[in-house]
Amino acid sequence: MTEGAPELEQLLERVVAGGHVPKHIAIIMDGNGRWAGERGLPRFMGHREGMKSVRRAVTGCLEMDVQHVTLYAFSKENWSRPPDEIAALMRLLSEYVDRERKALAEKGVRVRVIGDRARLSPAALQAVESIEGATAGEDTLVLNLAISYGSRDEILSAARSLARRCVAGEIDPDDIDEADFASALYTTGSPDPDLLIRTSGEMRVSNFLLWQIAYSEIHVTECLWPDFSERDLYEAVLDYQRRERRFGRVTR
Ligand code: FPP
């Protein structure tokens with residue numbers, strides 16, 4: 001645990017005692033720019049601080065025995081940001097990989113990068129391949145890092161790959177079911193998120209995991225991402241545990 005406070009341990013105990021810990025948590029990490037702006041710092045400093053929250057979120061997931069976590073680190077839409085901010089975010093990705101690769105592998109974290117890699121710079125691509133390679137054999141926690149990611153793109157790419165298989169005569173279009181479609185998405189192998197967290201108070205899903213969050217519980221917190229702590233993560237899970245998940249069924 002990165003924070004040693006006894007209250008944090010008690011919170012974790014409450015989460016574990018709550019029984020149904022989510023198998024998969026997805027997080028829209030938002031508010032880095034505002035965090036920096038409030039302090040008169042360049043936006044880049046917000047992203048840098050946000051990297052520490054990534055570390056805390058992964059640690060918290062390991063503590064709770066969550067099996068999959070998906071973090072929205074860079075959207076397809078983010079390519080339209082100023083070039084210096086994009087360059088800074090890509091440098092942070094390489095820095096994250098250099099700093100965390102060994103520790104993540106030791107903790108049993110398998111990192112998978114989901115998104116359109118064709119747009120990544122050679123250095124960013126090398127970072128992605130190096131962390132995926134170093135953690136490929138791990139299975140305690142799957143960390144999906146969404147980089148250059150857009151959910152509509154992902155859905156289109158799944159539709160194209162299934163269409164190609166139909167044209168090749170490998171499958172019959174009428175036989176395609178939800179499981180086939182889910183297997184063609186970047187997130188194949190991870191179950192749908194039970195819980196979607198968004199920081200900074202915005203009530204949007206921003207082209208993130210649109211297929212996969214069909215039945216996810218959504219927790220929005222005003223907290224800006226660089227301030228997001230293990231405590232906030234545990235509070236989100238406690239909130240999730242208070243929900244009644246009905247998947248469209250009548251239960252009383
Ligand atoms: C949204 O905040 C955040 C991002 C676009 C980038 C997220 C990146 C990190 C947390 C650090 C890098 C992480 C890894 C794994 C390398 P925003 O800039 O849109 O904030 P704003 O809405 O306040 O402007």
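Each ligand, and each atom within it, is numbered from 1 in the order the structure gives.
The side chain to side chain contact (heavy atoms under 4.5 Å, CB included) test with V237 is passed by exactly one of D194, V16, V15, L11: V15.
Neither the backbone nor the side chain of L224 comes within contact range of ligand 1; no heavy atom lies under 4.0 Å. Neither the backbone nor the side chain of F74 comes within 4.0 Å of ligand 1, counting heavy atoms alone. With a 4.0 Å cut-off on non-hydrogen atoms, R81 touches ligand 1 through its side chain and not its backbone. If you look at E95 next to ligand 1, there are no close heavy atoms at all, none under 4.0 Å.
Near L93, with a cut-off below 4.0 Å to any heavy atom, the atoms of ligand 1 are 16 (C). Near A73, meaning under 4.0 Å from one of its heavy atoms, ligand 1 places the atoms 6 (C), 7 (C), 8 (C). Short contacts between ligand 1 and R43, defined as distances under 4.0 Å to a heavy atom of the residue, involve ligand atoms 17 (P), 18 (O), 24 (O). The ligand atoms of ligand 1 that sit less than 4.0 angstrom from a heavy atom of N78 are 5 (C).
Protein heavy atom in closest approach to atom 3 (C) of ligand 1: M29 O, 3.2 Å. The protein heavy atom nearest to atom 13 (C) of ligand 1 is V54 CG2, 4.1 Å. With respect to atom 11 (C) of ligand 1, the closest heavy atom belonging to the protein is H47 O, 3.5 Å.
Below 3.5 Å of separation, one finds an N or O of N32 facing an N or O of ligand 1. At least one N or O atom of G33, backbone or side chain, sits closer than 3.5 Å to an N or O atom of ligand 1. The shortest N or O to N or O distance between R34 and ligand 1 is under 3.5 Å. Taking only nitrogen or oxygen atoms, main chain and side chain alike, W225 does not reach within less than 3.5 Å of ligand 1. Checking only distances, W35 never comes within under 3.5 Å of ligand 1, N or O to N or O.
Under the 30°/60° scheme for interplanar angles, the aromatic rings of W79 and F74 are found to stand perpendicular.
In this structure, R117 pairs ionically with E132, as a charged nitrogen and a carboxylate oxygen lie closer than 4.0 Å. A salt bridge is defined here as a Lys NZ or Arg NE, NH1 or NH2 lying under 4.0 Å from an Asp or Glu carboxylate O, and E95 with R91 fails to meet this definition. In summary, E235 and R231 do not engage in a salt bridge, as defined by a charged side-chain N under 4.0 Å from a carboxylate O. D30 has a carboxylate O that lies under 4.0 Å from a charged side-chain N of R198, or vice versa, which qualifies the two as a salt bridge.
Side chains of E38 and L224 form a contact here, defined as non-hydrogen atoms less than 4.5 Å apart.
Counting protein heavy atoms under 4.0 angstrom from atom 16 (C) of ligand 1 gives one or more.
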task = Take E202 and I28 through the test side-chain contact (heavy atoms from CB on, under 4.5 Å) and record every step on the way to the result.
result = CA-CA 10 Å; E202 307 289 349; I28 301 177; over 6 Å; no

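The CG atom of L162 lies 10.5 Å from the CD atom of E170; values are rounded to the nearest 0.5 Å.
Assignment of S200 to the shell around ligand 1 is not supported, since no heavy atom sits closer than 4.0 Å. Not a single heavy atom of R48 sits under 4.0 Å from any atom of ligand 1.
Side-chain atoms of T221 never come within 3.5 Å of backbone atoms of T199 as a donor-acceptor pair (strictly under, hydrogens ignored). Between the W225 side chain and the G50 main chain, a donor and an acceptor come within less than 3.5 Å of each other.
Taking hydrophobic clusters as Ile, Leu, Val, Met, Phe, Trp and Tyr residues chained together by side-chain heavy-atom distances below 4.5 Å, Y72 shares a cluster with L210.
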